[in-house]
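Notes for the one structure printed next.
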Amino acid sequence: MLSGKRILLIIGGGIAAYKALELIRLIQKAGGTVTPVLTRAGSEFVTPLSVGALAKSRVHEALFDLTSEAEMGHIELSRSADLLVVAPATADLLAKMAGGRADDLASTLLLATDKRVLVAPAMNVRMWQHPATQRNLDVLRGDGVLFVGPDEGEMACGEYGPGRMAEPAAIVEAIGAALGGGPLTGKHVVVTSGPTHEPIDPVRYIANRSSGAQGAALAAALRDLGAKVTFVTGPAAVPPPASVTVVPVETARDMAAAVAAALPADAAVMAAAVADWRVANSSGQKLKKDGSGKAPALEFAENPDILATVSKGPGRPRLVVGFAAETTDVVAHATAKRERKGCDWIVANDVSPATGIMGGTENAVTLITASGAETWPRMGKDEVARRLAARIAEAIAG
Ligand code: C5P
């Protein structure tokens, strides 16, 4: 997948630096070569000796290194690679990148390069969530920096949440996608996500508890495999991923129109929690109490079923995947839903309040295909997304 590709790997200072050793191995296994750069903090966690031995390359550490300048200057070093990868990318390194600082070799290379940069952040959950870090991420996304991870989970510091560096295998996939070598390169995938809002009047609406987290994670995972993603999203709590085409919508009917306009596609993944009904007698003006004590009577009309329409309509994508949020008899209901809607796969999950799945960070899904039901262990929504994206790639690649 990375045959002949040259990766300049910047290893920052964090406990996740040990995973950079595995990353070097996997890049080489995929056919790429690694030129390692170790920050001063990075060298506190992994030694230049182990990095250099694995990479079979000289390890670059200092900005003012005369031998290195004679052999290859830092400008050339930053440009002779096909891609710069920062793993782990610490909060400090991200701040330096966002601020355009160049006070050591790593930050200078990142500023001097004319190549794309992929970063794999790793830090304590509070540092990740801090407004300063989030601000820096926004700046970097705007600069076109690519991200992989972080994952959610237990951290070395004992806390739990987002901040763990993505697994080396996921970083290699993201490298492939960044270099245009992912298995979904050239494929178009439409993803729907989030809830829909169905107006009662101009200020009130009917909605549901979908956060859009699973849909956003899926769009990111498909993008990371090289797909061109059209992300049709209702008003979600989770922001859309970078580098996808975002089509924001409000109502189910808007979503249906946006999906129809986004076709043709190689695959459609309908992760949105679409309202089944809209208010048929919604008001153009704000409804007011008239003092009589009489509540307004809302009438409902059924919304279009986007999944069924796409599955049965003309220009059907090769693979159509639906979701089924159920609270009882998950597999039986979802299996029936697959038949009824005419889609290829259903990703079923139990959203009873006790599971904490709706609006939470984890998911426990059963994948229902023509050949039966496959129950996956409970895992982060990011991991569900990566697995599902890999399965989609298997189904439609080539
Ligand atoms: O029928 P139910 O809402 O349980 O089906 C869920 C699946 O159908 C999801 O994939 C959802 O995105 C899709 N759906 C849709 N249009 C609707 C209702 C659901 O595309 N009006």
Side-chain angles (χ1 to χ4, degrees), residues 189-199 205-219 222 229-238 240 247-263 265 267-280 300-313 315-317 319-352 355 357-359 363 365-369 373 381 384-385 388-389 391-392 395:
V189 184
V190 177
V191 177
T192 70
S193 180
T196 61
H197 283 183
E198 307 297 333
Y205 57 83
I206 293 176
N208 59 62
R209 294 184 196 282
S210 165
S211 64
Q214 188 64 80
L218 259 166
L222 291 160
V229 177
T230 302
F231 186 62
V232 181
T233 175
V238 169
V247 185
V249 296
E250 285 261 335
T251 67
R253 287 195 290 181
D254 294 344
M255 188 174 274
V259 168
L263 297 178
V269 186
M270 309 296 206
V274 185
D276 287 325
W277 299 282
R278 65 181 175 277
V279 180
F300 290 90
E302 198 166 316
N303 271 329
D305 191 313
I306 308 164
L307 177 60
T309 308
V310 169
S311 298
K312 296 173 185 169
R316 182 195 200 276
L319 182 73
V320 182
V321 183
F323 276 66
E326 306 283 354
T327 50
T328 52
D329 294 332
V330 176
V331 173
H333 284 143
T335 305
K337 191 167 289 179
R338 181 182 163 275
E339 293 282 327
R340 200 167 61 241
K341 303 236 186 187
C343 58
D344 299 294
W345 300 350
I346 282 274
V347 182
N349 53 8
D350 183 349
V351 292
S352 352
T355 64
I357 283 175
M358 199 108 177
N363 209 348
V365 309
T366 300
L367 178 65
I368 292 160
T369 68
K381 287 182 177 171
V384 168
L388 199 59
R391 292 290 286 266
I392 292 170

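Everything quoted here is computed from the prediction, not taken from an experiment. Read the numbers this way: they start at 1 and go in the same order the structure lists the ligands and their atoms. In this chain, numbering begins with 1 at the start of the sequence shown.
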TODO: Distance to 0.1 Å, residue and atom name: give those for the protein heavy atom nearest to atom 7 (C) of ligand 1.
DONE: Phe323 O, 2.9 Å
Task: Under 4.0 Å to a heavy atom of Ala272 - the qualifying atoms of ligand 1, by number - done: 9 (C), 11 (C), 12 (O)
Open item on the list: Looking at Arg316, I want to see if its CZ is surrounded by more than 12 non-hydrogen atoms of other residues, nucleotides or ligands under 6.0 Å.
Closed with: yes
Open item on the list: Which of the numbered atoms in ligand 1 are under 4.0 angstrom from any heavy atom belonging to Gly322?
Closed with: 10 (O)
Task: 4.5 Å side-chain heavy-atom contact, Pro304 and Arg278 - done: yes
TODO: Examine distances only and state if a side-chain atom of Glu198 and a backbone atom of Ala252 form a donor-acceptor pair shorter than 3.5 Å.
DONE: yes
- [ ] Give a yes or no answer on whether the side chain of Thr233 reaches the backbone of Gly194 with a donor-acceptor pair at less than 3.5 Å.
- [x] no
Task: Test item: Asp254 side-chain N/O and Val249 main-chain N/O as donor-acceptor pair under 3.5 Å - done: no
TODO: Measure the distance from atom 16 (N) of ligand 1 to every protein heavy atom, then report the residue, atom name and distance (to 0.1 Å) of the closest one.
DONE: Ile306 N, 3.0 Å
Task: atom 5 (O) of ligand 1 - nearest protein heavy atom and its distance - done: Lys341 NZ, 3.1 Å
Open item on the list: I'd like to know whether ligand 1 has Ala252 as a neighbour, heavy-atom separation below 4.0 Å.
Closed with: no
TODO: Check ligand 1 against Asp276 and write out every atom of the ligand that is under 4.0 Å from a heavy-atom position of the residue.
DONE: 3 (O), 18 (C)
Open item on the list: Please confirm whether Ala256 approaches ligand 1 to less than 4.0 Å, judged on its heavy atoms.
Closed with: no
- [ ] Answer yes or no for Glu302: is there a heavy-atom contact with ligand 1 below 4.0 Å?
- [x] no
Open item on the list: Under 4.0 Å from a heavy atom of Pro304: which atoms of ligand 1 are those, numbered in the order shown and with their elements?
Closed with: 16 (N), 17 (C), 21 (N)
Open item on the list: Donor-acceptor check, side chain of Asp344 to backbone of Val320, threshold 3.5 angstrom: yes or no?
Closed with: yes
Open item on the list: Applying a heavy-atom cut-off of 4.0 Å, say which part of Lys337 lies close to ligand 1: side chain, backbone, both or neither.
Closed with: side chain
Open item on the list: Tell me if a side-chain donor or acceptor on Ser193 pairs with a main-chain N or O of Ala272 at a distance below 3.5 Å.
Closed with: no
TODO: Ignoring hydrogens and angles, tell me if any N or O in the side chain of Asn349 forms a donor-acceptor pair with the backbone of Val351 under 3.5 Å.
DONE: no
TODO: Just need the protein heavy atom nearest to atom 13 (C) of ligand 1, so name the residue and atom and give the distance.
DONE: Leu307 CB, 3.7 Å
